[in-house]
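First up is the structure itself, then whatever we jot down about it.
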Amino acid sequence: MRTHNLTDTLNKTAGEIGFSGTIALKMPGNDPLVLPYGFAQRENGIPNTAYTSFGTASGGKLFTALSICQLAEQGVLKLDGRIGDYLNLKEYFPYFSTEITIHHLLTHSSGISDYFDEEVMDDFEQLWELHPMYRLRTPGDFIPLIRDLPMKFTPGGRFHYNNAGYIVLGLVIEQAAGMPFADYVESRIFQPCGMTRSGYFSLDRLPADTATGYIDEEDGTWRSNIYSIPVKGGADGGVFLAAPDMLKFWDALMNGGLLGADLLARLLSPQIADKECEYYGYGIWITKRDNKSVKYHIMGSDPGVSFRSAFYPGSELALAVTCNKSMGAYRMMRMIEEELLTEGLAWKVF
């Protein structure tokens, strides 16, 4: 399978949009293609590399969902179990419905209000005026943002994208696994996959070769995002990933290295509809064509962060696009799809 001048096309597009990040893709029978662009640290002129780690915002929800499924596979919890079976709701969330299940949280259908509701809010940074971002390091640190929120609708009523629900899942994981959320994901998912450049890094303790996120202002100036997002990522997102590590993850996930066949099928099954041809499984978006799942993908967007990653079952192409700007990853992903894949997201015939 030829990429047909793919690198030249990506280089041109990256230059046109000022893309800063790393693209990694793996096609069957070929070595991974890894292309870094732009700067990990603008102020010091330090370029991004093939193994630079980037923030990924909500892209990390898949690791939370996978952790829940692993614990369900071990018999530690049940996907249809009510969250009151695992958490003291009166202490943590007194206004939650007692009918909320783990499945509801995984599929954004719990009906709880979100601490950042994308239906009514558009400025993520406003959250930190009352709740300093530098205090948010664990799922438990988010409880004050969620505790007194009312129910938005009856559990199971509809899809409503919800960060708070995944924070609650993080608390469930900690209770069920008996360890901090970040430790669980790093030890049970990242280490088995060999994802050595990925982890829940604190913004005030970033390791070497990690990209700073940058926010470009309308007047042409820029600033870093260190005061714009929680200081450490967690169950609703914010993990740092190197693009080639995501290729390792897709390989392990799709080949049964992280989850047995039954639970893997459930994680990857369309559980709830968002819009036409777009569905949500457990922590993962699913695109369907002719009643077939043709694209499994995750995405994230924060100030100074954009991220896209996907696996295309029809072609077995795995793709990751990390970016340390607020926009850019989606454009590069679409360019690759247009160059390599048909509308049904199978291989083009060259």
Side-chain angles (χ1 to χ4, degrees), residues 3-26 32-60 118 122-125 133 197-198 201 203 206-230 233 237-247 285 297-310 317-341:
T3 58
H4 197 63
N5 298 322
L6 175 63
T7 300
D8 290 344
T9 301
L10 290 173
N11 290 343
K12 179 181 178 182
T13 303
E16 289 174 351
I17 69 173
F19 177 72
S20 178
T22 300
I23 298 170
L25 68 149
K26 178 69 170 64
L33 175 66
V34 184
L35 301 171
Y37 300 92
F39 294 97
Q41 293 184 21
R42 294 184 187 181
E43 58 271 34
N44 295 315
I46 298 175
N48 288 314
T49 72
Y51 291 96
T52 299
S53 300
F54 295 79
T56 58
S58 288
E118 296 182 7
D122 58 10
D123 187 357
F124 194 53
E125 294 178 314
M133 46 70 61
R197 287 293 306 140
S198 300
F201 309 145
L203 294 180
L206 291 178
D209 205 9
T210 303
T212 298
Y214 292 98
I215 302 166
D216 291 302
E217 307 287 10
E218 293 183 359
D219 63 2
T221 62
W222 50 262
R223 56 189 169 94
S224 77
N225 68 349
I226 60 171
Y227 298 117
S228 304
I229 57 177
V239 65
F240 279 82
L241 298 171
D245 276 0
M246 273 305 300
L247 303 185
W285 299 92
H297 57 114
I298 56 178
M299 65 186 80
S301 179
D302 270 343
V305 177
S306 60
F307 169 73
R308 300 275 172 155
S309 186
L317 170 70
L319 168 66
V321 184
T322 51
C323 178
N324 59 332
K325 297 174 67 173
S326 300
M327 299 180 65
Y330 174 73
R331 176 73 180 276
M332 302 307 288
M333 169 182 269
R334 287 297 300 146
M335 180 60 63
I336 292 168
E337 291 177 345
E338 290 168 3
E339 286 290 304
L340 295 182
L341 304 171

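In this text the structure is predicted, and so the values were computed from the model without any measurement.
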Would you call Phe54 and Val321 a side-chain contact if the rule is heavy atoms closer than 4.5 Å? no
Which atom of Ser224 lies closest to which atom of Ile215, heavy atoms considered: O-CD1, 4.2 Å
Just by distance, no angles: are the side chains of Ser228 and Asp302 close enough, under 3.5 Å, to form a donor-acceptor pair? no
Ile17 and Met332: side-chain contact (heavy atoms from CB on, under 4.5 Å), yes or no, with the steps? CA-CA 9 Å; Ile17 69 173; Met332 302 307 288; 3.8 Å; yes
Contact summary for Pro244 and Ala24, nearest pair of heavy atoms: N-CB, 3.9 Å
Within this structure, what is the CD-OH distance for the pair Glu43 and Tyr214, rounded to the nearest 0.5 Å? 3.5 Å
Quick one: does Ser326's side chain have a donor or acceptor within less than 3.5 Å of a partner on Gly304's backbone? yes
When rounded to the nearest 0.5 angstrom, what distance separates CD in Glu339 from CG in Leu10? 7.5 Å
For the student: nearest non-hydrogen atoms of Asn48 and Pro36, plus distance: O-CB, 3.5 Å
Under the side-chain hydrogen bond (donor to acceptor under 3.5 Å, both in side chains) test, residues paired with Asn11 that sit two or more places apart: Tyr37
Interatomic distance, Thr13 atom OG1 to Glu338 atom CD [nearest 0.5 angstrom]: 8.5 Å
When you measure from the side chain of Thr322 to the backbone N and O of Phe307, does any donor-acceptor pair fall under 3.5 Å? no
Under 3.5 Å donor-acceptor, Tyr51 side chain and Arg197 backbone: no
Any side-chain heavy atom of Pro207 sitting closer than 4.5 Å to one from Phe201? yes
Check Leu319 against Leu247 and note the closest heavy-atom contact, atom names and distance. N-CD2, 4.0 Å
Checking Asn324, Val34, Thr49, Leu35 against Thr22 for side chain to side chain contact (heavy atoms under 4.5 Å, CB included), the one that qualifies is Val34
Note: Lys325 and Gly18 closest approach over all heavy atoms is NZ-O, 2.9 Å
May I ask you to decide if Thr221's main-chain N or O and Asp219's side chain share a donor-acceptor pair within less than 3.5 Å? yes
Minimum heavy-atom separation for Gly328 and Cys323, please, with both atom names. CA-SG, 4.4 Å
Is there a side-chain contact between Trp222 and Arg42 (heavy atoms, below 4.5 Å)? yes
Straight-line distance of Glu16 CD to Arg331 CZ, nearest 0.5 Å: 6.5 Å
Applying side chain to side chain contact (heavy atoms under 4.5 Å, CB included), can you list everything that pairs with Val239, at least two apart in sequence or on another chain? Thr56, Phe63, Phe190, Tyr200, Leu241
